[in-house]
Amino acid sequence: MPDPSHYVGAMALPPLGFGVATSAFQIEGAADEGGRGRSTWDEFCERPGAIVDGSDGRTACDSYHRVAEDVALLEGLGVSCYRFSVAWPRIQPDGRGPANAAGLDFYDALVDRLLGRGIRPLPTLFHWDLPLDLEHAGGWPVRDTAFRFVDYAGLVMDRLGDRVPTWATMNEPWCTAFLGHASGVFAPGRREPRAALAAAHHLLLGHALAARSRPGLDVGIVLNLTSVRQEPGGDPGAVAVVDALQNGLWLGALAEGSYPDILDVPAVCEGDLDTICGSAAWLGVNYYTPFRIGPMTGEVNAVGQDIDAFPGAPAFSFAPRPPLTSMGWEVDAVGLEETLRATAAVLPGVPLRITENGASFPDATRAEDGSVDDQDRIGYLRGHLAAVDAVRAEGVPVLDYVAWSLLDNFEWAQGYTKTFGLVSIEPDTLRRIPKASYRWFAEQVASRSR
Ligand code: IFM
């Protein structure tokens, strides 16, 4: 275990903040309103077979029109923060040029509504919805996209930065880079492993340049990090490559200004790694499951755990152990502890936030009032929250615990077939129905502030 004195020294941690998260494409809908342009995900959803239920984000949870209702749900939870994302195609429909006023106005009003209820906004600037015109110009594998991101981020931070001090640039850039460009199961659906590595570098560069462009703000990045374990028969070489792509690439660049030797990252220009190194004022950790690397079987056991997303790894398979969520993801809170300790040791003194943690379950059991009695989700959240408490007690500086998600929503290539929400959405009416986990979460928040 890393020496806790590496984390923060003797700094006393403030009480843990609580929040819930969503993202624009997954909840907003209103695809053709407010001057919004098209994104890579709008186009990807139109490809036959790309989304398992053939659905899209055109209506989603209709949150664009139901801000008051959704913020009332946040108030009911008693959370201190709300993590949402800004849709780049609402701000710059073509990905470049001046801001679309209606787009900025929408998020401005959301921020004021949150602040008026004592809820701290925690916006993410890029949660995967790249303006389609930028994809047509080459997308993230092209260096210019990083500069386009910096311009866009500046427009949003300049409008809201007087009220919003803390920002995340990118959400889970691993997904955009490798699910988007190596396995192709996410937008833009490319299968070009070298381009995936170039995309990873440009996502980090865009983050760093945007963060450094507004030194008065508290700008971090959100990564999906995890603990990578070798199972019997698993190839240690595969463990090393998976760990490097999932964790080391991002943390190495941010903490040390270098990429793991095992990776050959193209497109790196002189000075880029100096720009990236030290550019995260805080780090968001999204954690769902550990990775177990077993011998090659040819099977894909779990959503997103596809060996094609790990270019260069010797043959392997993912070997999750039960209990599994409906994504096929192993439930294991120890992996969260390991991930947080390891991350804090690599980035000493950098505050951490759990920016996503949660689970999709079938939600088959209804209580008498019609709400889902999701004891499995409660168990998942309880176990992972205990893991956060445990590492905080050691001095790992975790500031917030943000659950994924406020609402059941558009789960990317899984469409609406997977449900992570504390609140379910009635399919025809889009009525919000809090689950048992919503009430449990509210009680956690309340009991800790008593
Ligand atoms: O729904 C996603 C979210 O957009 C990013 N992190 C993982 C979640 C569950 O798959």
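Indexing begins at 1, ligand by ligand and atom by atom, following the structure's order. These numbers come from the heavy atoms of this one structure, side chains and all, not from hydrogens, waters or symmetry mates.
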> Among W140, F25, F186, whose ring pair (Phe, Tyr, Trp, His ring centres under 6.0 Å) with W128 holds?
Replying inline: F186

>> Set out, in order, the CA-CA distance, both residues' side-chain angles and the distance that settles salt bridge (charged side-chain N to carboxylate O under 4.0 Å, His left out) for D70 and R432, then state yes or no.
In response: CA-CA 9 Å; D70 290 349; R432 278 77 169 128; 2.9 Å; yes

> Under 6.0 Å between the ring centres of F178 and F310?
Replying inline: no

> Does the ring of Y64 carry R90 above it, NZ/CZ under 6.0 angstrom from centre and within 45° of its axis?
Replying inline: yes

> Atom OG in S317, atom CE in M296: separation rounded to 0.5 Å?
Replying inline: 8.0 Å

> What residues come within 4.0 Å of ligand 1, counting heavy atoms only?
Replying inline: Q26, H127, W128, N171, E172, Y288, W329, E356, W404, E411, W412, F420

> Sequence neighbours excluded, which residues qualify as salt bridge (Lys or Arg N to Asp or Glu O under 4.0 Å) partners of D400?
Replying inline: R120, R353

